[in-house]
Amino acid sequence: MSVHPLEELLHPRSMAVVGASARAAQGPNFVEALCEFGFKGPIYPVNPKYSEILGLKAYPSVKDIPGEVDYVISSVAASRVLNLIADCAQKGVKVIHLFTARFSETGRPEAAELELEVLRQSQKAGIRLIGPNCMGVYYPEGGISFRDDLPKETGPIGVISQSGSAVNDIVFLAALNGLHFSKAFSYGNALDFNECDYLEYLEQDPQTKMILIYIEGVRDGKRFFDILRRTTITKPVIIVKGGRGESGTRATASHTASLAGSMAIWETAVRQAGAITARHLEELVDIAMAFHYLDPIYDR
């Protein structure tokens with residue numbers, strides 16, 4: 001089996017946070033999270049307003065960083081992302097996680113076109129993208145996290161979540177019940193890597209024994225269900241479909257570029273693929289607990 005493209009990207013030698021600050025006014029403080037989780041490589045805060053952030057030397061731009069940079073987290077405005085990609089291309093960056101939002105999820109044609117141009121320029125530069133409009137990667141063993149208060153313990157569960165708030169809820173709810181994670185991916189608008197890629201990666205990942213998914217829509221239904229059918233042969237997969245009821249509708253509205261199909265058709269397809277449908281995140285964690293703590297039941 002070939003090595004999945006995500007495998008190399010998840011083991012960066014160094015990371016830069018563009019738009020970093022000493023204290024996050026809104027959203028996560030990625031520099032603080034990486035320091036707290038003990039990321040072993042250099043961490044480079046990038047912000048021309050600061051000379052130092054959390055005890056680390058800060059740089060005006062990615063181009064000004066003296067060492068190599070593999071992985072960049074973008075916390076800058078959408079209007080600045082194309083310039084960031086150009087800087088990263090000069091630096092040989094391999095992947096950019098776009099925490100940056102205000103792209104196609106806004107429903108504005110000009111924002112959707114900017115998102116497509118971001119994809120075109122990143123592909124031209126050979127840079128892979130996570131997001132945009134997402135929390136990114138939680139990989140405790142690798143020292144990567146988007147929050148400093150997530151559990152540092154590693155475990156056998158992988159998570160794929162289109163929603164940033166849902167991935168936080170899943171991790172915290174599970175931790176209260178003694179469940180921990182190998183990797184968790186919040187992928188937002190899925191401009192480059194999408195739900196199929198993350199599922200395919202976790203299918204191959206030897207650290208992951210069970211997969212939890214929060215999903216609002218799929219870009220390639222045939223590929224997704226082909227991978228899902230293959231994955232469930234060896235690993236339990238439990239899925240919450242966004243859009244159920246009022247709260248689900250609110251969550252789905254934050255990624256309006258996704259397509260939400262008929263729930264009856266969806267549940268039938270999930271069942272035929274061998275996965276399990278949960279109605280909400282609490283039930284998702286309850287089912288995960290059953291698989292984690294109870295002995296398997298075998299047909300005789």
Side-chain angles (χ1 to χ4, degrees), residues 6 10-11 15 17 24 26-40 43 54 73 97 99 130-131 133-188 195 198-199 201-203 205-216 231-232 235-242 244 247-248 250-251 254 275-296:
L6 278 163
L10 289 174
H11 298 89
M15 299 184 70
V17 180
Q26 292 182 335
N29 188 322
F30 290 102
V31 174
E32 187 173 19
L34 294 173
C35 291
E36 179 65 26
F37 270 72
F39 177 72
K40 292 186 169 46
I43 302 168
L54 297 176
I73 299 172
H97 158 215
F99 174 66
I130 297 171
N133 185 29
C134 71
M135 299 299 290
V137 177
Y138 167 56
Y139 176 21
E141 186 176 296
I144 300 175
S145 180
F146 42 77
R147 290 180 57 146
D148 66 320
D149 58 350
L150 295 179
K152 296 183 180 65
E153 296 88 346
T154 191
I157 303 173
V159 177
I160 304 165
S161 176
Q162 197 160 1
S163 161
S165 61
V167 76
N168 281 317
D169 290 346
I170 291 168
V171 171
F172 281 117
L173 279 171
L176 289 174
N177 293 282
L179 304 181
H180 298 290
F181 297 88
S182 54
K183 286 109 177 170
F185 300 102
S186 160
Y187 63 90
E195 62 285 335
Y198 296 112
L199 179 58
Y201 172 75
L202 291 178
E203 176 207 2
D205 181 30
Q207 295 179 315
T208 301
K209 309 300 181 186
M210 182 194 325
I211 300 169
L212 311 182
I213 301 176
Y214 173 88
I215 196 166
E216 295 160 7
T231 303
T232 57
K235 301 179 182 184
V237 180
I238 310 160
I239 303 177
V240 170
K241 177 71 161 61
R244 291 176 179 270
S247 62
R250 285 199 303 269
S254 69
I276 299 168
T277 297
R279 292 168 296 176
H280 44 69
L281 299 185
E282 291 82 0
E283 187 172 72
L284 179 83
V285 173
D286 286 344
I287 296 170
M289 288 174 59
F291 275 101
H292 183 74
Y293 288 113
L294 300 178
D295 293 331

R147 and its side chain to side chain contact (heavy atoms under 4.5 Å, CB included) partner, picked from V167, N168, N29:
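That would be N168; it is the only one of V167, N168, N29 passing the side chain to side chain contact (heavy atoms under 4.5 Å, CB included) with R147.
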
Measuring from [X]:[atom1] to [Y]:[atom2], what's the distance to the nearest 0.5 Å?
X: Y214; Y: D169; atom1: OH; atom2: CG; value: 10.0 Å
X: L150; Y: H180; atom1: CG; atom2: NE2; value: 11.5 Å
X: L179; Y: Y293; atom1: CG; atom2: OH; value: 5.0 Å

Backbone of [Y] reached by a side-chain donor or acceptor of [X] within 3.5 Å:
X: K241; Y: I215; result: no
X: T232; Y: V237; result: no
X: H292; Y: M210; result: no
X: K152; Y: D149; result: no
X: E283; Y: R279; result: yes

Tell me the closest heavy-atom pair linking [X] and [Y], and the distance in Å.
X: G188; Y: C134; result: N-CB, 3.4 Å
X: L34; Y: S145; result: CD2-N, 4.1 Å
X: A33; Y: D148; result: CB-N, 3.8 Å
X: F181; Y: V171; result: CE1-CA, 3.7 Å
X: A275; Y: I239; result: CB-CD1, 4.2 Å
X: I287; Y: A278; result: CD1-CB, 4.1 Å

With sequence neighbours excluded, tell me which residues meet side-chain hydrogen bond (donor to acceptor under 3.5 Å, both in side chains) with E32.
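Once residues adjacent in sequence are excluded, E32 has no partner under the side-chain hydrogen bond (donor to acceptor under 3.5 Å, both in side chains) criterion.
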
Determine whether [X] and [Y] make a side-chain contact, defined as any pair of heavy atoms from C-beta on separated by less than 4.5 Å.
X: F39; Y: I144; result: yes
X: Q207; Y: P156; result: no
X: P236; Y: I211; result: no
X: D205; Y: S182; result: yes
X: K183; Y: Y201; result: yes
X: M289; Y: N177; result: yes
X: T208; Y: I157; result: no
X: H97; Y: F30; result: yes

Quiz question: by atom type and distance under 3.5 Å, do the side chains of E195 and Q162 form a donor-acceptor pair?
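The answer is no; no qualifying pair exists.
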
Does the side chain of S161 pick up a donor-acceptor pair with the side chain of S186 at under 3.5 Å?
no

Does E282 have any side chain to side chain contact (heavy atoms under 4.5 Å, CB included) partners at least two apart in sequence or in another chain, and if so, which?
L173, H280

Using the rule ring-ring contact (aromatic ring centres under 6.0 Å, His included), only one of Y139, Y198, F146, Y138 pairs with F185; which is it?
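The single option meeting the ring-ring contact (aromatic ring centres under 6.0 Å, His included) with F185 is Y198.
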
Can you establish whether the number of heavy atoms outside K40 located under 6.0 Å from its atom NZ is more than 12?
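No, because the 6.0 Å sphere around NZ of K40 holds 12 heavy atoms or fewer from other groups.
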
